[in-house]
Amino acid sequence: MLDFDLKTLQLVAAIAETGSVTSAAERAGVTQSAASQALRRAEALIGAPLFDRGRRPLTPTAVGRMVASRAHDLARDAASLLADARAAAELPGRIDLRIGLVDSLAGTIGARIVKELADGALALSVTAWSGLAHSHAEALMRREIDAALTCDPMEGLADMERILLFREPYVLIAPRGAADELPSLTLREVLESRRLVRHSARSHAGRQVERHLERIGLRPPRAFEFDTSDALVAMVATGMGVAITTPLCLLQGLAHAAAVVALPLPGPGFSRDLLLTMRRGDLEALAPRIAEVAREVARSHALPQISVMVPWLTSENLALS
């Protein structure tokens, strides 16, 4: 195969800009003969003339204009690649990390987790995918992401590894005006007097809530259902019902939190686990460090805000692994 390197492309671009092989050679610091040979090699490989040699100054053909234009983009990409490669060589443990973030994390402390991963000694770059937990399972299987910070244990998928980040209980949230009325009621009585605002059945939280209600024999009518926690908290804040959710989901609805109250869930409790999930064998060295970054951000930025909104919640209730 004929030689067709970046320097050849840059010479073609220089000829197009200067209109002269001689001027292009001087700019590149090569002889006129070397520049002419590079141009002939490029034309031989492409199979078309790049310049109209019957005109002075030399005028690029349509193909020549396209090649010259793309040469600048390739040179910029090559410089970026070189800089990234040098950074990787200096810190060989760092990678370009693609990570999924379940919505309640993405909308609360996700940005801080990404910042810590990128600013620390873990990742050269971080690409974060937010969304419902089930989308991350699909992305992991298609190798579109390297890991997920998720509440979905992905139990149906083989060859997955999981690190527990923290566990949080489900709580009952209600309009603030109901703070005195509801604590004395059973969950059945609460749901007989108030409509249940649900997490979407497409979400892991929604499915967990439905399983809990079925276990204790409750089947409240379906009225309102939301994919995002901030919309769910907003609906409760307007007085349209109560919801069963988690402290982190409540934090995602912080803009509406002043109008709601968080109460212990009447009757038997249940909780959800936040996990770092990845394919077995991937990120073996980095996974424990990523998990600790997520825990530390939760301790320093989520827990203080949750403690204000849910003051009765103890550190044992919100277990940071």
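Since the structure is predicted, the reported quantities are computational estimates derived from the model, not experimental observations.
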Worksheet item: Are Arg53 and Glu43 close enough, and set up right, to give a salt bridge (charged side-chain N to carboxylate O under 4.0 Å, His left out), and what steps lead you there?
Response: CA-CA 13 Å; Arg53 287 169 171 75; Glu43 290 179 324; 2.8 Å; yes
Item to complete: Report the C-alpha separation of Glu189 and Ser193 in whole Å, then their side-chain angles, then the decisive distance to 0.1 Å, and conclude whether the side chain to side chain donor-acceptor pair (under 3.5 Å) test is met.
Response: CA-CA 6 Å; Glu189 291 169 335; Ser193 63; over 6 Å; no
Practice prompt. Output, in order, the C-alpha distance, side-chain angles, deciding distance and verdict of side chain to side chain donor-acceptor pair (under 3.5 Å) for Asp152 and Thr150.
Written response: CA-CA 5 Å; Asp152 184 357; Thr150 179; 5.4 Å; no
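Contact check on Arg279 versus Asp159 returns no salt bridge, with no Lys/Arg side-chain nitrogen under 4.0 Å from an Asp/Glu carboxylate oxygen. The pair Glu181-Arg194 meets the salt-bridge criterion, since a charged nitrogen lies less than 4.0 angstrom from a carboxylate oxygen. Looking at Glu292 and Arg295, a side-chain N of the basic residue comes within less than 4.0 Å of a carboxylate O on the acidic one, giving a salt bridge.
Contacts of Arg215 classified as salt bridge (charged side-chain N to carboxylate O under 4.0 Å, His left out), with partners at least two apart in sequence or in another chain: none.
Asp146 is not listed as a side-chain neighbour of Ile99, based on a closest heavy-atom distance of 4.5 Å or more. Residues Val260 and Leu250 meet the side-chain proximity criterion, which asks for heavy atoms closer than 4.5 Å. A 4.5 Å side-chain heavy-atom check between Leu232 and Cys249 finds every atom pair outside the cut-off. Residues Arg198 and Glu210 form a side-chain contact, since some pair of their non-hydrogen atoms from C-beta on lies under 4.5 Å apart. Side-chain contact between Phe270 and Ile244 is present, with heavy atoms from C-beta onward closer than 4.5 Å.
For Arg176, the CZ atom counts as densely surrounded, since its 6.0 Å shell holds more than 12 non-hydrogen atoms of other residues, nucleotides or ligands.
For the residue pair Arg272/Ser104, the side-chain donor-acceptor check at 3.5 Å is satisfied. Using modelled atom types, one finds no donor on one side chain facing an acceptor on the other under 3.5 Å when comparing Thr108 with Gln252.
With hydrogens and angles ignored, the 3.5 Å screen pairs no side-chain donor or acceptor of Thr59 with any backbone N or O of Asp52.
Apart from Val30 itself, the hydrophobic cluster it occupies contains Leu11, where clustering links Ile, Leu, Val, Met, Phe, Trp and Tyr at side-chain heavy-atom distances under 4.5 Å.
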